[in-house]
Protein chains: 2
Amino acid sequence: MKEGPDIVRIAALIGDPARANMLLALMGGTALTATELAHEAGITKQTASAHLGKLESGGLLRQRKQGRHRYFALADDDVAAVLEALLGFAATQGQLRTRPGPRDAAMRKARVCYHHLAGEMGIRLYTSLVSSGYLALTADGIEPTEEGRRFLVAFGVDMAELGRKKAPLCRECLDWSERRSHLGGSVGRALLQRFQDLGWARQVAQSRAVLFSPSGEAAFRKTFPVD
Amino acid sequence: MKEGPDIVRIAALIGDPARANMLLALMGGTALTATELAHEAGITKQTASAHLGKLESGGLLRQRKQGRHRYFALADDDVAAVLEALLGFAATQGQLRTRPGPRDAAMRKARVCYHHLAGEMGIRLYTSLVSSGYLALTADGIEPTEEGRRFLVAFGVDMAELGRKKAPLCRECLDWSERRSHLGGSVGRALLQRFQDLGWARQVAQSRAVLFSPSGEAAFRKTFPVD
DNA sequence: AACATGGTTCGATCCTGATCGAACCATAAG
DNA sequence: CTTATGGTTCGATCAGGATCGAACCATGTT
């Protein structure tokens with residue numbers, strides 16, 4: 001009716017319990033098959049199929065068929081950003097759907113936000129990088145400084161490779177549990193990958209939670225100090 | 001069903017055409033009465049009343065009764081942030097609801113994003129402040145530097161007053177037309193107010209568009225240069 | 001007091017859209 | 001080829017919710 005982009009379409013797509021559950025399940029970053037998503041949302045395959053079709057044509061999901069399976073993933077980092085924004089606002093309302101349990105505690109400590117690290121540990125990573133002078137604000141957004149680039153390369157991040165892609169290196173992402181920004185973008189993604197490669201952390205199956213080993217957490221805290 | 005904040009409730013509230021139109025109308029920052037909103041959404045007073053009730057109990061709107069009128073406004077800057085996030089994503093989909101017209105052009109150039117400046121001019125303001133070293137990244141988010149504070153005070157912003165409030169001074173806000181960040185927060189709000197007080201710009205009635213006078217725009221460009 | 005205007009409540013209607021059963025297609029495994 | 005599993009299509013059902021007409025309350029104006 002009025003001017004501007006069609007926000008209703010998007011919001012309505014997210015505003016259905018079944019679809020929202022699917023989307024949240026995909027926030028973990030791993031692609032899931034249609035039946036897995038159906039189970040996740042607690043509905044039958046048929047309805048799931050219909051929902052997935054709508055989500056895909058709405059531009060929220062990307063689909064890849066592999067053999068007789070159909071793997072779904074979020075279409076874009078932008079989609080994850082929208083979901084996090086909604087999560088963030090909903091969290092301020094205090095409208096939690098379930099009581100915070102132990103699993104919730106793990107999520108608050110460290111979880112994967114699409115492909116980068118979020119939660120308490122994610123915030124620590126971000127603030128440490130900022131206060132060390134490794135990240136700075138430029139006219140193009142947040143960028144690693146020269147020292148930051150050197151640090152990242154030394155830590156094992158292939159900055160040359162990341163630079164070739166057109167995706168933004170850094171990206172602020174509002175953390176719904178901490179109400180602070182954490183680091184997204186290709187650098188955030190590469191760092192989480194590196195943590196896993198180093199054996200510091202692993203992603204809990206069927207969940208967004210990320211579990212650090214004791215030695216991994218110690219190394220993490222040493223590498224990313226906070227005053 | 002699953003863990004996390006209740007995102008469905010919020011999304012479903014936004015995912016109705018009538019309600020979305022009301023919310024977008026309120027993005028202008030000026031509070032509107034129930035009947036004005038009803039007219040804006042193209043529905044009768046009764047249905048508007050029902051919608052407004054839901055939006056309020058959903059935490060998206062704030063209500064203030066004044067005489068026999070009932071003025072509605074967005075509950076919070078957070079709500080505006082969510083809406084902008086949705087607008088931003090919807091814009092990438094290219095799903096515009098109407099063809100871009102002259103009014104749209106004005107909106108792209110300068111518009112009000114809740115209470116701060118957005119659009120081309122908003123981006124210019126932001127990048128100018130950043131490249132002048134007036135804004136920098138800290139562990140607490142984006143903050144004015146010492147030089148930045150001096151500059152803002154000299155420009156007529158009462159920084160002491162802003163510091164007393166608990167609202168964040170600066171806040172990045174994703175601009176849906178430019179796909180870049182612009183400046184929100186109490187500083188962004190104060191700057192827009194200052195532009196209006198100086199007679200540089202005024203808000204177009206019934207719209208989010210902001211119109212700069214020729215001399216105002218010249219002064220703006222001189223005060224906030226971009227290399 | 002009479003009237004007008006802003007808003008709400010109630011009830012009835014009506015339609016979109018979520019859901020599932022059943023049948024059907026596609027791919028892989030035996 | 002037969003069988004199992006992943007996924008879609010079709011049709012029917014059903015519920016929630018958006019909508020409005022009508023009546024009603026509240027506050028201001030003449």
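Here is the naming used below: chain letters follow the sequence lines, and residue numbers restart at 1 for every chain. Keep in mind that what you see is a predicted model, and the values were worked out from it rather than measured.
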Show the distances under 3.5 angstrom between N or O atoms of the protein and N or O atoms of nucleotides 14-16 of chain C.
none

Protein-nucleotides 28-30 of chain C N/O pairs closer than 3.5 Å?
none

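B/Phe212 meets the ring pair (Phe, Tyr, Trp, His ring centres under 6.0 Å) test with B/Phe220; sequence neighbours excluded. Shown here are the side-chain hydrogen bond (donor to acceptor under 3.5 Å, both in side chains) partners of A/Arg19, two or more places apart in sequence or in another chain: A/His51. Scored by the side-chain hydrogen bond (donor to acceptor under 3.5 Å, both in side chains) test, A/Ser186 finds no partners at all (sequence neighbours excluded). Scored by the salt bridge (Lys or Arg N to Asp or Glu O under 4.0 Å) test, A/Arg64 finds no partners at all (sequence neighbours excluded). For A/Glu56, the salt bridge (Lys or Arg N to Asp or Glu O under 4.0 Å) test picks out no residue, with sequence neighbours left out.
Residue pairs meeting the salt bridge (charged side-chain N to carboxylate O under 4.0 Å, His left out) criterion with at least one member in residues 192-206 of chain A: none, sequence neighbours excluded. The stretch residues 67-81 of chain B participates, sequence neighbours left out, in these salt bridge (charged side-chain N to carboxylate O under 4.0 Å, His left out) pairs: A/Arg179-B/Asp78, B/Asp77-B/Arg189, B/Asp78-B/Arg171.
Residues from residues 45-55 of chain B lying near DNA chain C, meaning a heavy-atom separation below 4.0 Å, are B/Lys45, B/Gln46, B/Ser49 in numerical order. Listed by residue number, the members of residues 28-39 of chain B with any heavy atom below 4.0 angstrom from DNA chain D form an empty set.
Between the CD atom of A/Gln63 and the C1' atom of C/dA26 there is a distance of 14 Å, given to the nearest Å.
Residues B/Phe224 and B/Trp200 place their aromatic rings such that the two centres sit no closer than 6.0 Å.
Protein chain A contacts DNA chain D over a range whose 5' and 3' limits, counting nucleotides with an atom under 4.0 angstrom from a non-hydrogen atom, are D/dA4 to D/dT9.
Annotation for B/Met22 and B/Leu52: closest pair SD-CD2, 3.7 Å, computed over non-hydrogen atoms.
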